[in-house]
Amino acid sequence: MSLKLYNSLTRTKEEFKPAKKGRVGIYVCGPTVYGHAHLGHAKSYVSFDVLTRYLRYLGYDVTYVQNITDVGHLTDDADEGEDKIATAAKKEKKHPMALAEFYTRSYFEDMDALNCIRPDISPRASGHIIEQIELVKILLEKGFAYEVNGSVYFDVSKFKDYGKLSGRNIEEMRAGARVKPSPDKRNPVDFALWKKAEPNHIMQWPSPWGPGYPGWHLECSVMAMKYLGKTIDIHGGGLENQFPHHECEIAQSEAANGVPFARYWLHNNMVTVDGQKMGKSLNNFITLKQAFSGSHERLTKSYSPLAVRQLILNSHYRSPLDFSDAALFAAQSGYEKITETVKAVRKRAETTGKDKADEKITEQLEQLREKFEVAMNDDLNTSVALSVVFEMVRLANGLLGGANTTAETFSAVDDLFSKLGGDVLGIIKGEYGNLTNASDIQRYELAISGLVELRNKARREKNFAISDEIRKILGSAGIVLEDKPDGTTWRFR
RNA sequence: GGCGGCGUAGCCAAGUGGCCUAAGGCGACGGUUUGCAAAACCGUUAUUCGGCGGUUCGAAUCCGCCCGCCGCCUCCA
C-alpha cells in the first residue's frame with residue numbers, strides 16, 4: 001500500500017516515489033501580497049498543508065518551500081500591465097515594500113489561524129533578484145531568450161515541450177489569442193523574463209540590460225532551484241496557474257538546466273462562492289478575515305477558522321469547492337461535534353492508572369487507522385479520511401456514555417484523534433482553551449460556576465422556574481448547560 | 001472559437017464496471033435519556049446517481065446524443 005498522487009503532467013494517478021529515498025522537496029506557488037488572503041488561498045494552502053502533513057506522517061523528511069511574490073506580478077496582459085504590488089501601493093499610499101510586508105504578515109496570520117504549518121522556507125521574489133538575473137543570462141547564452149529595448153523575452157519557439165503541462169500547442173494559442181501582441185515580442189506567446197523599468201517605477205534593480213525588474217514566472221524557477229535543486233519532487237499550485245505560469249516555469253527551468261523541473265505536478269481546483277466565481281465585482285469576494293469575523297453580507301455568522309478548514313477537507317482538492325453560508329454552517333456544526341468529543345475524551349484520559357487499553361477498542365482503532373490511510377493514499381481522499389474521524393467520534397461517544405472504560409482506553413482513542421485529526425488533517429488542536437487570557441478564564445469560570453451552583457440548588461428544591469431562568473440567562477450569553485449524571489457542565493456555544 | 005471539468009438525497013459530499021438495494025457530515029423527523037432541555041446514543045430520510053438511447057450476464061461508474069452548470073485560454077490560489 002503506497003501513496004498515489006494525480007500528476008497533472010501525465011494526467012494519471014501515479015505511485016509517489018521521491019528522487020531521494022525518504023526525502024521530499026515540495027515547492028508551492030505562494031501568494032502575491034497585494035491584499036488580504038481570501039477563501040481561494042485557503043483551499044489551495046490547506047490542501048498542500050495536508051499533503052506535507054501526510055508525507056511527514058508517512059515518515060518522509062519534507063522540505064516545504066512556498067514563495068511570497070512581492071514584485072513582478074503584473075495586472076492585465078501578462079507583459080504589458082502594471083505591477084500589482086506597485087498599483088496597490090499607490091492606492092494605499094505606501095511604499096511597495098511596506099505594502100508587501102503588511103499583507104505578508106496578514107497572510108501568515110490567516111494561515112496560522114487555519115492551522116497550516118508554516119513552510120520551511122518562505123522566500124521573497126525581491127530577495128532573489130541576483131539569482132533571477134543569472135538565470136536570464138544563462139537563457140540568453142543558450143539562445144532561448146532575446147533582448148529588446150532593455151527587456152528580455154523567452155523565445156517559446158525554441159522550447160519544443162512548451163504546452164506539455166497544460167495540453168496546448170502554440171498554434172492553437174496563437175489562433176485563440178485575445179490579447180494584442182506586444183510589438184517587442186517576436187511571437188505573441190513569448191513571455192517576459194526581465195522588464196525594463198521606467199524612471200518613475202519604484203521597484204527596480206540594475207541589470208546587464210539596464211534598470212528593470214523580473215517577470216513573474218522567473219521567481220518560482222529560481223527559488224525552487226536554489227532551495228530544492230534542479231529537479232524537485234513536487235510542484236503544487238492552483239489550477240488557474242497551470243497555464244501560463246507553470247508552463248513558463250517549466251520552459252525557463254528546463255531550457256536552462258536540461259533536466260526535468262518537477263517530477264510531480266499537483267493542481268488544486270478553484271473556489272466559487274454561492275455557485276459563482278469569486279470576484280470583486282460580483283460582491284461575493286470573501287476574505288478569510290471576513291469569514292472568521294462574519295463581516296460579509298453573504299454570511300449570517302462568524303465561522304471558526306478550523307471549520308473553514310474542515311469544509312475544505314470535506315471535498316477533494318481536485319474538485320471545485322463552493323463556499324456558501326449553508327455549507328459553512330454545516331461544517332461549523334460538524335467541527336464542534338468533533339471538538340466536544342475530543343475534549344471529553346481527553347478529560348477522561350487524564351486520570352492515569354496502570355490498566356491496559358481495551359483490546360477490542362484498540363483493534364477497532366487500528367482498523368480505522370487503516371481505512372484512513374487507504375483513503376489518504378488514494379490521491380489524498382480527505383473526504384473519506386474525515387468520515388473516519390467521524391466514525392471515531394461515534395465510537396468515542398459510545399464509550400463516554402458507558403461507565404467501564406478505562407483512562408488508558410480513552411488515552412488510546414485520544415492518541416489516534418491527535419494523529420489523524422490533529423497531525424494529518426489539522427482540525428483537532430493539541431490543546432483547547434475557551435479563552436485566551438488566563439485571568440479572564442478564572443473570572444468567567446468563577447461567575448458561571450456560581451450561577452450553575454445556584455441553579456442546581458433551585459433544582460434540588462424543585463424550583464424549576466428559577467433554574468430555567470438561570471439557564472436562559474446563560475444561554476443568551478452563548479453559554480450552554482448540560483446536566484449529566486456526574487454533574488452539570490457548561491460550554492460556549 | 002479552442003481546451004478541460006462537473007451534474008449523486010432538502011443542503012455539502014465520497015464512490016468511477018459486480019463488495020452500491022450508494023460512505024460521511026449538516027438539516028429534518030421518531031425513539032432512548034432528562035423535571036423540562038442540551039449533548040449523546042439508536043432509528044428514519046436516494047430501489048437510485050441531470051435526461052434519453054446504447055455496450056455488457058451486470059453501469060452512478062464505459063460509449064453516443066441532448067439539457068444544465070463551471071473553469072482555463074488575460075491577472076488571479
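Each chain gets a letter, A, B and so on, in the order its sequence line appears, and its residues count up from 1.
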Tell me what A/Asn314 touches on the nucleic acid: a base, only sugar-phosphate, or nothing, going by heavy atoms under 4.0 Å. base

May I ask you to check if A/Lys337 and A/Phe390 form a cation-pi contact, with NZ or CZ under 6.0 angstrom from the six-membered ring centre and within 45° of the axis? no

Can you tell me the pairing partner of B/C65 across any strand shown, Watson-Crick or G-U wobble, with both distances under 3.5 angstrom? B/G51

Taking atom types as modelled, is there a side-chain donor on A/Ser418 or A/Asp414 under 3.5 Å from an acceptor on the other? yes

Rounding to the closest angstrom, what is the interatomic distance between B/U55 and B/G64 at atom P? 15 Å

Between A/His267 and A/His246, does the ring centre distance come in under 6.0 Å? yes

Gap in Å between the two P atoms, one belonging to B/G53 and one to B/C72, rounded: 36 Å

Closest to the A/Lys84 side chain: B/G35, B/C72, B/C75? B/C75

Pairing nucleotide - B/A39, Watson-Crick or G-U, each distance under 3.5 Å: none

Across the strands shown, which category fits A/Val271 at heavy-atom distances under 4.0 angstrom: base, sugar-phosphate, nothing? base

Option passing ring-ring contact (aromatic ring centres under 6.0 Å, His included) with A/His38 (candidates A/Tyr45, A/Tyr103, A/Phe285): A/Phe285

Across all strands, who's sitting opposite B/C20 as a Watson-Crick or G-U wobble pair, both distances under 3.5 Å? none

From the list B/C11, B/A40, B/A13, which nucleotide is the closest neighbour of the side chain of A/Ser315? B/A13

Pairwise 5' ranking along RNA chain B for A/Gly398 and A/His316, keeping only the more 5' one: A/His316

A/Ser166 or A/Arg459: which one's nearest nucleotide on RNA chain B is closer to the 5' end? A/Ser166

Residue A/Ala327, side-chain atoms from C-beta onward, closest of B/A13, B/C12, B/C26: B/C12

With respect to the side chain of A/Arg471, which nucleotide from B/G35, B/C36, B/A77 is positioned closest? B/C36

With respect to the side chain of A/Ala330, which nucleotide from B/C12, B/C26, B/C36 is positioned closest? B/C26

Taking the six-membered ring of A/Phe464, is the NZ or CZ of A/Arg459 close enough (under 6.0 Å from the centre) and on axis enough (within 45°)? no

For atom CG of A/Asp379 and atom P of B/A14, their distance in whole Å: 12 Å

Now, which nucleotide makes the Watson-Crick or G-U wobble pair with B/U56, with each of the two distances under 3.5 Å? none

Establish whether the base of B/G5 is bridged to the side chain of A/Asn269 by a donor-acceptor pair shorter than 3.5 Å. no

Looking at A/Ser319, I'd like to know whether one of its side-chain N or O atoms comes within less than 4.0 Å of OP1 or OP2 on B/C70. no

Side chain A/Ser387 and base B/A13 donor-acceptor under 3.5 Å: no

Is A/Phe390 touching bases, backbone alone, or none of the nucleic acid, heavy atoms closer than 4.0 Å? sugar-phosphate

If pairing means Watson-Crick or G-U wobble with both distances under 3.5 Å, then the partner of B/U44 is B/A28

Please measure how far the P atom in B/A23 lies from the corresponding atom in B/C49, and state the result in whole Å. 15 Å

Pair partner, B/A9 [Watson-Crick or wobble, under 3.5 Å]: none

Would you say A/Tyr45 stacks on B/A77, if stacking means ring centres under 5.5 Å apart and planes within less than 30 degrees? no

Whole angstrom value for the distance that separates P of B/U34 from NZ of A/Lys484: 15 Å

Base, sugar-phosphate, or nothing for A/His38, non-hydrogen atoms under 4.0 angstrom? base

B/A22 and B/A59: how far apart are their P atoms, nearest whole angstrom? 15 Å

Across the strands shown, which category fits A/Leu386 at heavy-atom distances under 4.0 angstrom: base, sugar-phosphate, nothing? nothing

Please state the C1' separation for the pair B/A28 and B/A60 - nearest whole angstrom. 26 Å

Among the nucleotides B/G71, B/G15, B/A39, which one has an atom lying closest to any side-chain atom of A/Asn381? B/G15

Say you pick atom P in B/U16 and the same atom in B/G54; how far apart are they, in whole Å? 26 Å

Looking only at atom P, what distance separates B/C62 and B/G5, rounded to whole Å? 12 Å

Does A/Lys343 qualify as a cation-pi partner of A/Tyr432, given the criterion of NZ or CZ under 6.0 Å from the six-membered ring centre and within 45 degrees of its axis? yes

Partner of B/U34 under the Watson-Crick or G-U wobble criteria, both distances under 3.5 Å, comes out as none

From the set B/A39, B/G71, B/A40, return the single nucleotide nearest to any side-chain atom of A/Lys337. B/A40

Would you indicate what A/Lys277 reaches in the nucleic acid, counting non-hydrogen atoms under 4.0 angstrom: base, sugar-phosphate, or nothing? base

Tell which nucleotide pairs with B/G4, taking only Watson-Crick or G-U wobble pairs whose two distances are both under 3.5 angstrom. B/C70

Can you confirm whether or not the ring centre of A/His128 sits under 6.0 Å from the ring centre of A/Tyr227? yes

Using atom P in both nucleotides, what's the gap between B/G30 and B/A39 to the nearest angstrom? 15 Å

ring-ring contact (aromatic ring centres under 6.0 Å, His included) with A/His235: which of A/Tyr64, A/Phe48, A/Tyr27, A/Tyr264? A/Tyr27

If you only use heavy atoms from C-beta on, which nucleotide in B/A77, B/A23, B/C11 is closest to the side chain of A/Ala326? B/C11

Can you find an N or O donor on one side and an acceptor on the other, under 3.5 Å apart, linking the side chain of A/Arg394 with the base of B/C42? no

base_contact_polar (B/G5 base, A/Arg318 side chain, donor-acceptor, <3.5 Å): no

Taking the six-membered ring of A/Phe108 as reference, does the cationic atom of A/Arg118 (NZ for Lys, CZ for Arg) lie under 6.0 Å from its centre and within 45° of its axis? yes

Mind checking if A/Gly238 touches a base, just sugar-phosphate, or nothing, with heavy atoms under 4.0 Å? sugar-phosphate

